[in-house]
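Notes follow once the structure below has been shown.
Any value given below was found using the heavy atoms of this structure, including those in side chains, with hydrogens, waters and symmetry copies removed.
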Amino acid sequence: LTSSSLTDESGEEIQITNGEWLRSFKTQLRKPETLEMSAPDDLQATLRPYQVQGYKWLSMMNTFGFGACLADDMGLGKTLQVISFLEKMRESQESHALLIVPASLLGNWESELKKFAPHLDFTILHTSRSKVIKAYQEHIPFLTITTYGLATKIAALSERKWDALILDEAQAIKNPKTKQSVGIKKLSSRMRIAMTGTPIENDYSNLWSLFDFLNKGLLGTLNEFKA
């Protein structure tokens, strides 16, 4: 249905159409490569065409406040696409992002950020850096990185509403009933990103749990989804 008409109280016909905005929005959702958006000025990398598409898509989803599941296969550069998105966010507005990763990936994120976005301000919160955690509230950087094990235990993280909340290896919340999944989903943020090469590992409830984090209610309740 693209248009319809009805009459008002005076009998005058009123034409209704879905409008240019909605048509444009649907096109951008399906073909993010059509967006006119340049790579961040300070990004020290040349993105491949599909990475440009992913970066633009993440940026568009952020504009409209939708959560996004970035599910490229391992080795295709999900990290670089997200770094590009973060760098663009840092350049364009005063904001704060929280990135939650497995402890084994802290070093990788640190090296990738220093390599591709050397001007991006970030802090890593980990039990091995207790002094950093104590001094954290004195300076909240643009990007805070922590682990799944610590994310819900540091009060300063749950007390803030983040502009972006990003989960790497997001299959960590695939089971919606675990304490970890429930705690992560309680963190407050305007926009959310789930990075995972395996959005479905065991059954479709894994996918429901991801979208319960990304866009709560979109897939209904778990029982409705299973039905």
Side-chain angles (χ1 to χ4, degrees), residues 29 32 39-40 43 45 47-48 50-90 95-117 120 122 124-126 142-152 157 162-176 178 180-181 183-185 187 189-202 204-216 218-219:
L29 277 178
L43 185 70
L47 301 179
R48 297 170 182 169
Y50 70 87
Q51 292 172 335
V52 172
Q53 184 174 348
Y55 152 67
K56 288 183 175 182
W57 179 69
L58 290 174
S59 299
M60 185 196 68
M61 298 295 272
N62 177 53
T63 297
F64 292 106
F66 292 153
C69 180
L70 185 60
D72 287 347
D73 287 339
M74 185 175 69
L76 294 183
K78 293 189 293 293
T79 300
L80 181 54
Q81 291 174 64
V82 170
I83 289 175
S84 302
F85 163 76
L86 288 170
E87 183 64 19
K88 189 68 173 183
M89 176 183 280
R90 181 189 70 84
S95 54
H96 295 88
L98 174 62
L99 169 64
I100 302 174
V101 307
S104 61
L105 294 183
L106 286 173
N108 179 68
W109 271 97
E110 183 173 18
S111 63
E112 297 282 270
L113 283 164
K114 289 179 177 179
K115 177 180 179 181
F116 297 123
L120 192 148
F122 71 92
I124 294 177
L125 300 183
H126 187 247
F142 164 72
L143 175 63
T144 299
I145 307 173
T146 193
T147 65
Y148 283 97
L150 276 182
T152 58
L157 302 183
W162 302 91
D163 295 284
L165 172 57
I166 303 164
L167 307 184
D168 193 6
E169 300 294 344
Q171 61 271 20
I173 62 164
K174 66 182 179 182
N175 186 334
T178 63
Q180 177 169 278
S181 295
I184 294 295
K185 291 176 182 180
L187 294 172
S189 62
R190 189 186 65 82
M191 191 264 187
R192 298 180 171 200
I193 296 174
M195 303 167 61
T196 174
T198 53
I200 302 173
E201 284 193 325
N202 301 320
Y204 288 117
S205 67
N206 299 167
L207 189 65
W208 181 89
S209 189
L210 282 182
F211 276 84
D212 185 48
F213 165 76
L214 294 171
N215 299 292
K216 191 172 184 64
L218 180 65
L219 300 182

Rounded to the nearest 0.5 Å, what separates atom [atom1] in [X] from atom [atom2] in [Y]?
X      : Y      : atom1 : atom2 : result
Asp168 : Ile100 : CG    : CD1   : 11.0 Å
Leu219 : Trp208 : CG    : CH2   : 8.5 Å
Lys88  : Leu43  : NZ    : CG    : 10.5 Å
Glu110 : Ile145 : CD    : CD1   : 7.5 Å
Leu80  : Leu47  : CG    : CG    : 5.0 Å
Ile193 : Leu214 : CD1   : CG    : 9.0 Å

Residue pair [X] / [Y], side-chain heavy-atom distance below 4.5 Å:
X      : Y      : result
Leu113 : Ile83  : yes
Phe116 : Ser84  : no
Leu157 : Trp162 : yes
Ile124 : Thr146 : no
Met195 : Val82  : yes

Shortest non-hydrogen separation from [X] to [Y] and the atoms involved:
X      : Y      : result
Tyr55  : Pro40  : OH-CD, 3.6 Å
Leu76  : Gln51  : O-NE2, 3.2 Å
Leu106 : Thr147 : CD1-CG2, 3.8 Å
Cys69  : Leu210 : SG-CD1, 4.3 Å
Met89  : Ser95  : CG-OG, 3.3 Å

Kindly determine whether Phe122 and Lys114 satisfy side chain to side chain contact (heavy atoms under 4.5 Å, CB included), including the steps that lead there.
CA-CA 10 Å; Phe122 71 92; Lys114 289 179 177 179; 4.3 Å; yes
Notebook entry, point to check: Which residue pairs pass the salt bridge (charged side-chain N to carboxylate O under 4.0 Å, His left out) test when at least one of the two sits in residues 191-201, sequence neighbours left out?
Noted result: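 Residue pairs with at least one partner in residues 191-201: Lys174-Glu201.
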Check whether any side-chain N or O of [X] sits under 3.5 Å from a backbone N or O of [Y] as a donor-acceptor pair, and report yes or no.
X      : Y      : answer
Asn215 : Gly67  : yes
Gln180 : Gly149 : no
Thr198 : Ile200 : no
Ser181 : Asn175 : yes
Asp163 : His96  : yes
Lys185 : Ser209 : yes

Heavy atoms of other groups near Arg48 CZ, more than 12 under 6.0 Å: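 At most 12 heavy atoms, drawn from other residues, nucleotides or ligands, come within 6.0 Å of this atom.
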Quiz item: Should we say atom OH of Tyr50 is surrounded by more than 12 heavy atoms from elsewhere, each under 6.0 Å from it?
Solution: yes
Glu112 bridged to Lys115 by N-O distance under 4.0 Å:
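Looking at Lys115 together with Glu112, the answer is no, because their closest N to O distance does not fall below 4.0 Å.
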Sequence neighbours excluded, the answer for side chain to side chain contact (heavy atoms under 4.5 Å, CB included) partners of Glu169 is Pro102, Leu105, Gln171
(Q) Is it true that Asp72 and Gln81 share a donor-acceptor pair across their side chains at a distance under 3.5 Å? (A) yes
